[in-house]
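Have a look at the structure below before the remarks.
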Amino acid sequence: MSHIKTDKISARTASGTITLGESGEKISFVSPLNATTQFVKTSGNDTSNNAFISAYRAGDGVVSGNRVAILSKGDGAGNATALRFDTDSTERLRIDSDGIKFNGDTSAANALNDYEEGIWTPTLSASAGSNPTAASVSGDYTKIGNLVFINFSILNITAGNDSNAFIKVINLPFSVDYNSPSLAAFFDNVTFVSGRTMITGNISGSDYILFRQSGSAVSDTALDNAHINNGVSDIFASGFYYTAQ
Amino acid sequence: MLTEETIEDKIEIVGEYKKISVRKATIIKRDGVEISRSFHRHVITPNSDISGESAEVKAISAIVHTQEVKDAFAVEYLKD
């Protein structure tokens, strides 16, 4: 392969078509680059509303830290411009102000707009009397769009013996959008009410989890303080719920 | 040198009952450059105990969790 080496190749005017900067890594197809921070530009300039795509590196006031940003600006008529990725003339992926959309979809409701991982602190509460306590708790979450997946454990629970005090788990990582009976729970060392054989978690729209005991041909009943065997009862649970956040 | 700090990097007010969603970020830096950031989240409802919250969150709660909001949420809470 042949190489042409030169200190600088540039258009004669500021609106020239191609510029190679002094260090050789800068290319402008239409108009001048910001000398220190912008190293790819396809059209327009960074102060107008013309549609364009630019790549920036740190130090331009737009990008902080050691990273590169690709920016898409409006069309000059106040309309946001999406970044699109096509193959064979078919749109496969679009990124716009709603989030990420697939296969030509433009609906805001179908945009994937968030992903986050973290931890939360499951906390026991009772519907009456004093709150139960636990020797240790742990919880983590993964949020994908409007779904929050949670996983948690609460070990060595101590509660009062009040059968009117339903046990709740509060302090969820995201606000609950609406009720969802979607939590699978495994309990160690709790006492079942007669006729009940399984416990599932009911995630309330008021941001807590209530555990319901159910069985064949009987109505369900909430897990209460009297069902806990003090000092040895454990809860292990995982599931998901919807959030409006 | 490694340093660690925890900040409330996101505080959001969510929905009809003005629930306050708080994200705490634990940031680890080496020689001033961030090398790790992890999150802890919780939600404060109008009936939550806020005694352990930051002054900023308490101030927000004092504004948005009015008695009217607390009463409305209490009705919804009992329904669930």
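If you're wondering where the values come from, they're calculated on a predicted model, not measured in any experiment.
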Task: Atom pair CD/NZ of A:Q245 and B:K10 - distance to nearest 0.5 Å - done: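 With rounding to 0.5 Å, CD (A:Q245) is 9.0 Å from NZ (B:K10).
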Open item on the list: Please report the interatomic distance CG(A:N171) to NE2(B:H40), rounded to the nearest 0.5 Å.
Closed with: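 It comes to 7.0 Å.
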Would you mind checking which part of [X] comes under 4.5 Å of any heavy atom in chain B, side chain (CB onward), backbone (N, CA, C, O), both or neither?
{"X": "A:K168", "value": "side chain"}
{"X": "A:T243", "value": "neither"}
{"X": "A:F174", "value": "both"}

Open item on the list: Between B:T45 and chain A, with a heavy-atom cut-off of 4.5 Å, which part of the residue counts as in contact: side chain, backbone, both or neither?
Closed with: side chain
Task: B:E56 CD: over 12 foreign heavy atoms closer than 6.0 Å - done: no
Open item on the list: If the contact rule is any heavy atom under 4.5 Å from chain A, which residues of residues 16-31 of chain B qualify, in numerical order?
Closed with: B:K19, B:S21, B:R23
Task: Residues of residues 62-70 of chain B with any heavy atom under 4.5 Å of a heavy atom in chain A - done: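 Contacts with chain A: none.
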- [ ] Using a cut-off of under 4.5 Å on heavy-atom pairs, state which of A:D140, A:L172, A:I170 scores highest against chain B.
- [x] A:L172
- [ ] Among A:A244, A:P173, A:S127, single out the residue with the greatest number of heavy-atom pairs under 4.5 Å to chain B.
- [x]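 Going by pairs under 4.5 Å, I would pick A:P173.
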Task: For the student: nearest non-hydrogen atoms of A:S175 and B:V43, plus distance - done: N-CG2, 3.3 Å
- [ ] Determine whether A:E116 and B:R41 make a side-chain contact, defined as any pair of heavy atoms from C-beta on separated by less than 4.5 Å.
- [x] yes
